[in-house]
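Report on the following structure.
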Amino acid sequence: MKDQLKKQIISHIQIGWRGRIIHIGYDQAEKEIKRGKKGFLIIATDVAERTKRNILSLLNGDYYQIFTKRELGSFIGKENVGIIFVPETKFGLKLKSLIKQFLDLEGGSVNCQR
């Protein structure tokens, strides 16, 4: 079940990237948030604490820490990705649901919600 969820999350990230639905990196996430877009963040587990603090000071929404920068990057053919902005569309809500289920199974905290 957990492996299946992980595959689905990875697949959604890849589809979101190819479909230009999700926005990769600090600058893109910051731009979307400042435009007033509703959404949530996927933040790598090994992102710098300062980077996390800075982006979260702008965000009025949920965030989830899942995967490393290298893992997130590998899903979309980049070296390292620390932050992904996911808009609250039907697609985004499905991805959010998958991440919550995965973190629940992993015993990880879903209290990354704000």
Nearest 0.5 angstrom please: K52 NZ to S57 OG, how far? 13.0 Å

Side chain proximity check, V81 to I76, heavy atoms < 4.5 angstrom: yes

Ignoring hydrogens and angles, tell me if any N or O in the side chain of D46 forms a donor-acceptor pair with the backbone of K69 under 3.5 Å. yes

Ignoring hydrogens, what is the shortest heavy-atom contact between Q8 and L98? Give both atom names and the distance. OE1-CD2, 3.6 Å

How close do L103 and Q65 get, counting heavy atoms only, and between which atoms? CD2-O, 4.2 Å

Passes side chain to side chain contact (heavy atoms under 4.5 Å, CB included), I9 versus I42? Steps please. CA-CA 11 Å; I9 292 168; I42 298 172; 5.8 Å; no

Could you go through the salt bridge (charged side-chain N to carboxylate O under 4.0 Å, His left out) check for E88 and K96 one step at a time? CA-CA 9 Å; E88 294 243 337; K96 183 190 258 191; 3.0 Å; yes

Decide yes or no on side chain to side chain contact (heavy atoms under 4.5 Å, CB included) for Q101 and L105, but give the supporting numbers first. CA-CA 6 Å; Q101 289 174 55; L105 281 178; 5.8 Å; no

Just do the side chain to side chain contact (heavy atoms under 4.5 Å, CB included) check on I55 and Y63 with the steps written out, would you? CA-CA 10 Å; I55 197 72; Y63 72 96; over 6 Å; no

With the side chain counted from C-beta on, respond yes when Q28 and F85 share a heavy-atom pair under 4.5 Å apart, and no when they do not. no

What are the two closest non-hydrogen atoms of V86 and G92, and how far apart are they? CG1-CA, 3.6 Å

Do L58 and L56 sit in one hydrophobic cluster, given that two such residues count as connected whenever their side-chain heavy atoms are within less than 4.5 Å of each other, even indirectly? yes

Over all heavy atoms of both residues, which pair between I24 and I22 is shortest? Give the atoms and the distance, please. CD1-CD1, 3.9 Å

Write down the atom of G39, the atom of L59, and the distance for their closest heavy-atom approach. O-CD1, 4.2 Å

Looking at side-chain heavy atoms only, is the closest gap between E106 and K2 below 4.5 Å? yes

Nearest 0.5 Å please: distance from the CG atom of N80 over to the CD atom of E71. 11.0 Å

Between E32 and K37 (salt bridge meaning N to carboxylate O under 4.0 Å), is one present in this structure? yes

Rounded to the nearest 0.5 Å, what's the gap from CG on L72 to OG on S74? Could you check? 8.0 Å

Aromatic contact, F67 with F75 (centres under 6.0 Å): yes

Between the CD1 atom in I43 and the OH atom in Y26, the distance rounded to the nearest 0.5 Å is 10.0 Å

To the nearest 0.5 angstrom, please state how far the CD1 atom of I10 sits from the CD1 atom of I15. 12.0 Å

Straight-line distance of E49 CD to N54 CG, nearest 0.5 Å: 10.5 Å

Do E30 and K34 sit within salt-bridge range, that is, some charged N less than 4.0 Å from a carboxylate O? yes

Please evaluate residues K94 and H12 with respect to the criterion side chain to side chain contact (heavy atoms under 4.5 Å, CB included), reporting the C-alpha separation (whole Å), side-chain torsions for both, the decisive distance (0.1 Å), and the verdict. CA-CA 9 Å; K94 174 66 177 166; H12 269 70; 3.3 Å; yes

